Amino acid sequence: MKESDPIQPNALVAEPAAQETEPSHKELIEASWYRCESFGLSHSTTPDFGSVPTGHVSALMDEHQDLVRTTENEVLPYYENILTNSSCVIVLADRQGHVLNTWGSNRFRSRNEHGLVPGHRWQESGVGTNAIGTALATGQAIQVNRDEHFLRANRFMVGAASPIFDTHKQLVGVLDISSDAYLPQDHTLGMVKLMSLTVENQLIYAAFEREHYILAFNTNISSLESHWSGLVVLDENGTIVSANRRASALLAHDLALLNVEAVFGCTMREIRQQPASMPLSLRVLERFRVWVKVNPPIAPKITVPDFRQQPDYQAPRTVSALPPDVIPYAELEHGDAQVRQILNQARKIIEKDIPILIRGETGSGKEILVRSLHYHSSRRGENLVAVNCASIPTELVESELFGYEKGAFTGAHTKGSIGLIRRAHKGTLFLDEIGEMPLHVQSRLLRVLQERVVTPLGSSEVFPVDIKLISATNRNLKAEVEQGNFRQDLYYRISGLSLELPALRERLDKEALILYIYSRLKEPTDPELPFPVRHLLFRHPWPGNMRQLVNVLKVALAMADGAPLSTDDLPADFYDDLAPEDNPVSPAPSSSTAHLSDTPSSQAQPTDLSVLIPQLYAANGRNISRTAKAAGVSRNTVYKYLRA
């Protein structure tokens, strides 16, 4: 890109359908130039590498010593041929763009000229478009050629950089190859990608090889030892606790928290018995076969078996063992960091004697999360008892929750009732809308949670209960406590771990989540979402959250009846919530038809519908739903007269 090349901001706004594919190199550079202009940079701006206080460089090195040591000792020896290039330098930077170390020939200009000095910061905001800063900004590998640098001062060199992710898929740094001579783009970019992947693999081995099984897999047996192999890390139960990016790419699947049996079709027992020197041929995700090498732990945990009783805990269920209405835990999140943190926290607490309180708007998926938590816990063999505290009549809440003896009150069942809390014994009790619980019932519930026993109405006998308590509310319970509507002692008893579930409109993975829910609701033979429908779904504010989304998609799929969804298949009230700029705009009605669309539905039906409906159809932008609403008839009636 030359300095005179115009940057067109409008060209950087991709259509929603284009978000499924990675942007092209040209689009990445154009977007970077656009950001540089927004930072107030010009092509003649002097690069700003930030200040380097005394001791700052050594502090950076100490902070990232594992990353630096792994790169220098475990990775660079494999790529000595690059360092023989007299005009090439390899650069390692942290997640903030600070250069940590460089390797290569001193013939690559002087330090004062190129600025690739430990401590210098190569962010786009100070140095413009450059390989390190742009790789950090996009999270993608990129090569920035001479004239593609935004600042004229950097156009003497070429740089290729690739981000480095840690064992938790968090970006920790960037590896860069820069030169003031020619660098072949495909070769250099592929090389730096491989180098960054090698660093990531070594970080995984360093973190897990002592106590975990690590599976290396590839489609070719001769490539098992290569750095392009996928890696998955298994805990003692066979749950995947980490994986490299190559594993996710090879399988095109999010592997987090899946069980080895669900992915590779073999049990953890078979993995333990497999010799490290003998590769396995396994079928992954029931799609294709790969070669797998088992790397057993170097220093496995020493456990003393307890023969006094059989443990209740079993390995987590595979995806295929879950009930149809339970979403696999790993599929509750599709790229939202806040939701990912919530899921990680809940997963750590679900096996501990700590209650969970989930707050979120109505329909935001609280019960979906609870069901998945229960069926991915050791209590999955017992009952999940969900109680909507707002739907039980006030006078029946106590008897429903705590149970009652026969004859305890007028209208009581002759055999009595065990109650919902005792029904959840050994399982999970989910109290939804707990903020609606009457105060006198709150007092009894508090005693149950404190003493772990239930006394049914009309009885003096106590029954021990072992429950995992999860509560949910769409209210601010702290405010309810201050107003005297909720007991403070009960609030602190139920809120061991408090989670805030974001509304659908606030989720950063909203688009991926909508596509995922559609894929679960549609039949295998149903087509994918067309762009016009997808665009409207992505732009909708979803005040009813996940519940509204599911209902809209169910209605649309029923209306489409196997055909591709159209905007006419969406319910009429779906359009009521859309912003005017997102709502399909009707053409301004002519004077001869304006009165038709403004006429109340009760008066909009003259005797001859065959004349009225085509007129309304044209006046309402050829929209079936709006035509039906304006005419006061059903959609089927509109279809009937349009076909006539």
Side-chain angles (χ1 to χ4, degrees), residues 1-14 22-54 56-57 59-61 63-64 67 89 91-102 109 111-166 170-178 180 189 192 196 337 508:
M1 177 176 295
K2 294 187 168 77
E3 179 179 342
S4 59
D5 290 344
I7 299 294
Q8 302 293 336
N10 292 335
L12 305 178
V13 182
E22 289 187 359
S24 66
H25 174 78
K26 183 175 183 292
E27 290 171 333
L28 288 174
I29 297 297
E30 285 181 339
S32 176
W33 277 44
Y34 185 83
R35 288 192 296 271
C36 293
E37 290 182 335
S38 69
F39 293 141
L41 301 178
S42 69
H43 300 299
S44 59
T45 298
T46 301
D48 179 9
F49 301 112
S51 59
V52 188
T54 305
H56 183 65
V57 176
L60 281 174
M61 294 288 286
E63 180 184 353
H64 301 286
L67 180 62
V89 63
V91 184
L92 177 66
D94 68 5
R95 67 174 70 90
Q96 302 298 328
H98 292 108
V99 175
L100 299 176
N101 207 350
T102 62
R109 295 211 171 191
R111 292 160 64 95
N112 293 332
E113 286 183 278
H114 60 63
L116 294 169
V117 180
H120 279 192
R121 186 174 58 193
W122 281 73
Q123 290 185 349
E124 285 185 338
S125 57
V127 193
T129 302
N130 69 92
I132 295 174
T134 305
L136 283 172
T138 62
Q140 298 183 44
I142 188 170
Q143 177 157 326
V144 179
N145 296 310
R146 296 175 184 273
D147 290 342
E148 290 175 336
H149 287 85
F150 187 80
L151 300 190
R152 191 180 297 113
N154 293 328
R155 293 179 183 172
F156 67 90
M157 65 177 176
V158 179
S162 179
I164 301 171
F165 294 86
D166 64 10
Q170 300 296 314
L171 196 154
V172 292
V174 171
L175 203 57
D176 166 81
I177 302 175
S178 289
D180 56 2
L189 191 58
V192 78
S196 66
L508 300 181

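Keep in mind the model is a prediction, meaning the values are calculated, not measured. Counting from 1, the numbers follow the sequence of the chain as shown.
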**Q.** side chain to side chain contact (heavy atoms under 4.5 Å, CB included) evaluation trace for L136 with L171
**A.** CA-CA 8 Å; L136 283 172; L171 196 154; 3.4 Å; yes
Q: Find the distance between CG (L92) and OG (S196) and round it off to the nearest 0.5 Å.
A: 11.0 Å
Q. Is the backbone of Y34 close enough, under 3.5 Å, to the side chain of E37 for a donor and an acceptor to pair up by distance?
A. no
**Q.** H149 and W33 aromatic centres sub-6.0 Å
**A.** no
Q | L116 vs S178 side-chain heavy atoms within contact, under 4.5 Å | A | yes
Q.
Given 3.5 Å as the limit, does a donor-acceptor pair link the side chain of R146 with the main chain of D180, or not?
A. yes
Q.
Tell me if a side-chain donor or acceptor on N154 pairs with a main-chain N or O of V127 at a distance below 3.5 Å.
A. yes
(Q) To the nearest 0.5 Å, what is the distance between CE on M157 and CG on N145? (A) 11.5 Å
Q | Test item: S38 side-chain N/O and R35 main-chain N/O as donor-acceptor pair under 3.5 Å | A | yes
Q) What's the shortest heavy-atom distance between I142 and A131, and which atoms? A) CG2-O, 3.9 Å
(Q) Can you confirm whether D94 sits close enough to V99 that some side-chain heavy atom of one is under 4.5 Å from a side-chain heavy atom of the other? (A) no
Q.
Taking the side chain as everything from C-beta on, heavy atoms only, tell me whether T138 gets closer than 4.5 Å to L28.
A. yes
Q | Gap between atom CG of D176 and atom CG of N130 - 0.5 Å precision | A | 8.0 Å
Q) Shortest non-hydrogen contact from G50 to R121? A) CA-NH2, 4.4 Å
**Q.** Sole residue of E148, E30, Q143 in side-chain hydrogen bond (donor to acceptor under 3.5 Å, both in side chains) with H25
**A.** E148
**Q.** Minimum heavy-atom distance V192-A160, with the two atoms named
**A.** CG2-O, 3.6 Å
Q: Please check if any side-chain donor atom of T129 sits under 3.5 Å from a side-chain acceptor atom of E124, or the reverse.
A: no
Q: Check whether any side-chain N or O of W122 sits under 3.5 Å from a backbone N or O of G115 as a donor-acceptor pair, and report yes or no.
A: yes
Q: Look up atom OG1 in T134 and atom CD in Q123, then write down how far apart they are to the nearest 0.5 Å.
A: 11.0 Å
**Q.** Close side-chain approach of L175 to V91, heavy-atom, < 4.5 Å
**A.** no
Q | From NE2 (H98) to CE (M61), nearest 0.5 Å | A | 14.0 Å
Q. Roughly how far, to the nearest 0.5 Å, is the NE2 atom of H43 from the CZ atom of F150?
A. 4.5 Å
(Q) Restricting to non-hydrogen atoms, name the atom on V174 and the atom on A161 that form the minimum distance, rounded to 0.1 Å. (A) CG1-CB, 3.6 Å
Q. Okay, side chain of T45, backbone of S42: is any donor-acceptor separation there less than 3.5 Å?
A. yes
